[in-house]
Amino acid sequence: MTITSPHLGSPAVWTDAKLLYALEEVVETELNRHLKVAKDWMPHEYVPWSDARNFPGLFEDGEAWGKEQSKVTEIGRIALVVNLLTEDNLPSYHHEIASLFGRDGAWGTWVHRWTAEEGRHGIVMRDYLLASRAVDPDKLEAFRMVHMSEGFESDNRHSMLHSVAYVAFQELATRVSHRNTGHQSGDPVCDRMLARIATDENLHMVFYRNLLKAAFELAPDLTMQAVRDVLVNFRMPGHGMPGFERFAAQMAIGEVYNMRIHHDDVLQPVLRHLKVMEIDGLGPEGQQAQDELGLFMGGLDAEASKFDEKLAARKARVAARAAG
């Protein structure tokens, strides 16, 4: 992509307020496109209600939870909890983007529509987990209380442009995590449910990716710096939940989400689509950010290759023990 517009990367030219105003028409266009292609769906239709039974408590016939009651794999159970707890923080996410993007006009309509669509994800995942007895309901609720009580603050809350760059990649990361969780869950019902959620997340990614493209056309230097900053410091929104690092390590080994997936299936597709590394006409700060982004991606690829080797060696050891 070659930027032919005048060089407008100076902070003296662009403020968050000016960018919000300049991108309003793009938001309206993308919102209308999204509403035409998005399909409403009913969360209750994806839940195996016939598998449900009472838990101990107010019901005399309540049955205590046990791992053996569900067909979901251990890695599937871990990833489902992480993904659901991430979705549970929707009130905080809504507050963040409503504060950054506003509640009026096309921006406000998108913020509320996005929140409504994301709300379905937490509803259907929790209903599935409880009906199918995939997780300990007491521990799940305890985790939820701790996670939500700590609140959430985005690393990019200081900048509207950084926030747009972040969600363009994060929505795809969430889609990939949900889809891979479904594949690894061992339950076709779970896989179908998460595929439905992943479809929503992909549409959200397209919205923000197209918005990021427009930002590159308006303010290429600032946008390049924002993308550089976001990718170098990228963290999933659930990073503050109890035990996240341990869960993330298990999900990496279980091939739900790891460095190779992050590089190949999340960062590279968006960068390629926007032709970020091909943008020219940048000022000194934009050019430096582009160069640093290229170096970062090369380093991430090298680290992912090291992880691939360790994972392959681990699989070989497991297979050898099983054969012996």
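Here L203 is tied into one hydrophobic group with V37, each link being a pair of ILVMFWY side chains closer than 4.5 Å.
Environment of CZ in R314: sparse, with no more than 12 heavy atoms of neighbouring residues, nucleotides or ligands closer than 6.0 Å. With a 6.0 Å radius and a threshold of 12 heavy atoms from other residues, nucleotides or ligands, Y21 has its OH atom at or below the threshold. The environment of D104 atom CG is sparse: at most 12 non-hydrogen atoms of other residues, nucleotides or ligands sit within 6.0 angstrom. Within a 6.0 Å radius of NE2 in H183, more than 12 heavy atoms belonging to other residues, nucleotides or ligands are found.
Relative ring orientation between H204 and W114 is described as tilted, the plane-to-plane angle lying within the 30° to 60° band. The aromatic rings of W107 and F101 lie tilted to each other, with the angle between the two planes from 30° to 60°.
For the atom pair OG1 of T115 and CZ of R120, the computed distance is 12.5 Å after rounding to the nearest 0.5 Å. Here the SG-CE distance, from C190 to M125, works out to 7.5 Å after rounding to the nearest 0.5 Å. Considering CE of M160 and CG of D16, their distance stands at 6.5 Å, rounded to 0.5 Å. A distance of 4.0 Å separates CG of N83 from OG of S177, quoted to the nearest 0.5 Å. T15 OG1 to L161 CG: the interatomic distance, rounded to the nearest 0.5 Å, is 11.0 Å. Atom CG in D308 sits 8.0 Å away from atom CG in D264 (nearest 0.5 Å).
Of all heavy-atom pairs between A134 and V72, the closest is CB-CG2, 3.9 Å. Across every non-hydrogen atom of L80 and L129, the tightest pair is CD1-CD2, 3.8 Å. For the pair F244 and V82, the tightest heavy-atom approach, listed with the atom from each and the gap, is CE1-CG1, 4.2 Å. Between V270 and A168, the closest heavy-atom pair is CG2-O, 4.0 Å. The shortest heavy-atom contact between P48 and V189 is CD-CG1, 4.0 Å. Residues A198 and R175 approach most closely at O-CG, 3.5 Å, considering heavy atoms.
The salt bridge (Lys or Arg N to Asp or Glu O under 4.0 Å) contacts involving residues 21-30 comprise E30-R33, where partners must be two or more places apart or lie in separate chains. For residues 193-208, the salt bridge (Lys or Arg N to Asp or Glu O under 4.0 Å) pairs, not counting sequence neighbours, are R196-D200. Applying the side-chain hydrogen bond (donor to acceptor under 3.5 Å, both in side chains) rule to pairs touching residues 245-256 yields E255-K315, sequence neighbours excluded. Contacts classified as ring-ring contact (aromatic ring centres under 6.0 Å, His included) and involving residues 258-277 (residues at least two apart or in different chains) are given here: F234-H262, Y257-H262.
Using a cut-off of 4.0 Å between Lys/Arg side-chain N and Asp/Glu carboxylate O, D88 and R126 are scored as salt-bridged. Comment: E309 does not engage K306 in a salt bridge, judged by the lack of any side-chain N to carboxylate O separation of less than 4.0 angstrom.
For H112, the ring pair (Phe, Tyr, Trp, His ring centres under 6.0 Å) test picks out H94, with sequence neighbours left out. Under the rule for a ring pair (Phe, Tyr, Trp, His ring centres under 6.0 Å), W65 has no partner lying at least two apart in sequence or in another chain. Residues that satisfy the salt bridge (Lys or Arg N to Asp or Glu O under 4.0 Å) test with D127, not counting sequence neighbours, are absent from this structure. Shown here are the ring pair (Phe, Tyr, Trp, His ring centres under 6.0 Å) partners of H162, two or more places apart in sequence or in another chain: H158. Shown here are the salt bridge (Lys or Arg N to Asp or Glu O under 4.0 Å) partners of D138, two or more places apart in sequence or in another chain: there are none. For D136, the salt bridge (Lys or Arg N to Asp or Glu O under 4.0 Å) criterion is met by no residue, not counting sequence neighbours. The salt bridge (Lys or Arg N to Asp or Glu O under 4.0 Å) search around R113 returns D40, E117, not counting sequence neighbours.
Checked by atom type and distance alone, the side chain of N54 never pairs as donor or acceptor with a backbone atom of G62 at under 3.5 Å. With hydrogens and angles ignored, the 3.5 Å screen pairs a side-chain donor or acceptor of T223 with a backbone N or O of A215. A donor-acceptor pair under 3.5 Å links the side-chain atoms of Y166 to the main chain of R235, judged by distance alone. With hydrogens and angles ignored, the 3.5 Å screen pairs a side-chain donor or acceptor of S163 with a backbone N or O of N156.
No continuous path of ILVMFWY side-chain contacts below 4.5 Å connects F55 to W49, so the two sit in separate hydrophobic clusters. M148 and F143 end up in different hydrophobic clusters when Ile, Leu, Val, Met, Phe, Trp and Tyr side chains are linked at under 4.5 Å. Taken together through direct or relayed side-chain contacts under 4.5 Å among Ile, Leu, Val, Met, Phe, Trp and Tyr, M205 and M236 form part of one hydrophobic cluster.
Of the residues listed (E278, R228, M277), the one engaging Q290 in a side-chain contact (heavy atoms from CB on, under 4.5 Å) is M277, and it is the only one.
No donor-acceptor contact under 3.5 angstrom links the side chains of D229 and Q225, judged on distance only.
With a 4.5 Å cut-off on side-chain heavy atoms, T174 and T86 do not count as touching. The closest side-chain heavy-atom distance from V27 to T109 is not below 4.5 Å.
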* To do: Could you check R260 against S305 for side-chain hydrogen bond (donor to acceptor under 3.5 Å, both in side chains), going step by step and ending with a plain yes or no?
  => CA-CA 7 Å; R260 174 53 63 199; S305 294; 3.1 Å; yes

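Annotation: Y46 is in aromatic contact with W41 [ring centroid separation under 6.0 Å].
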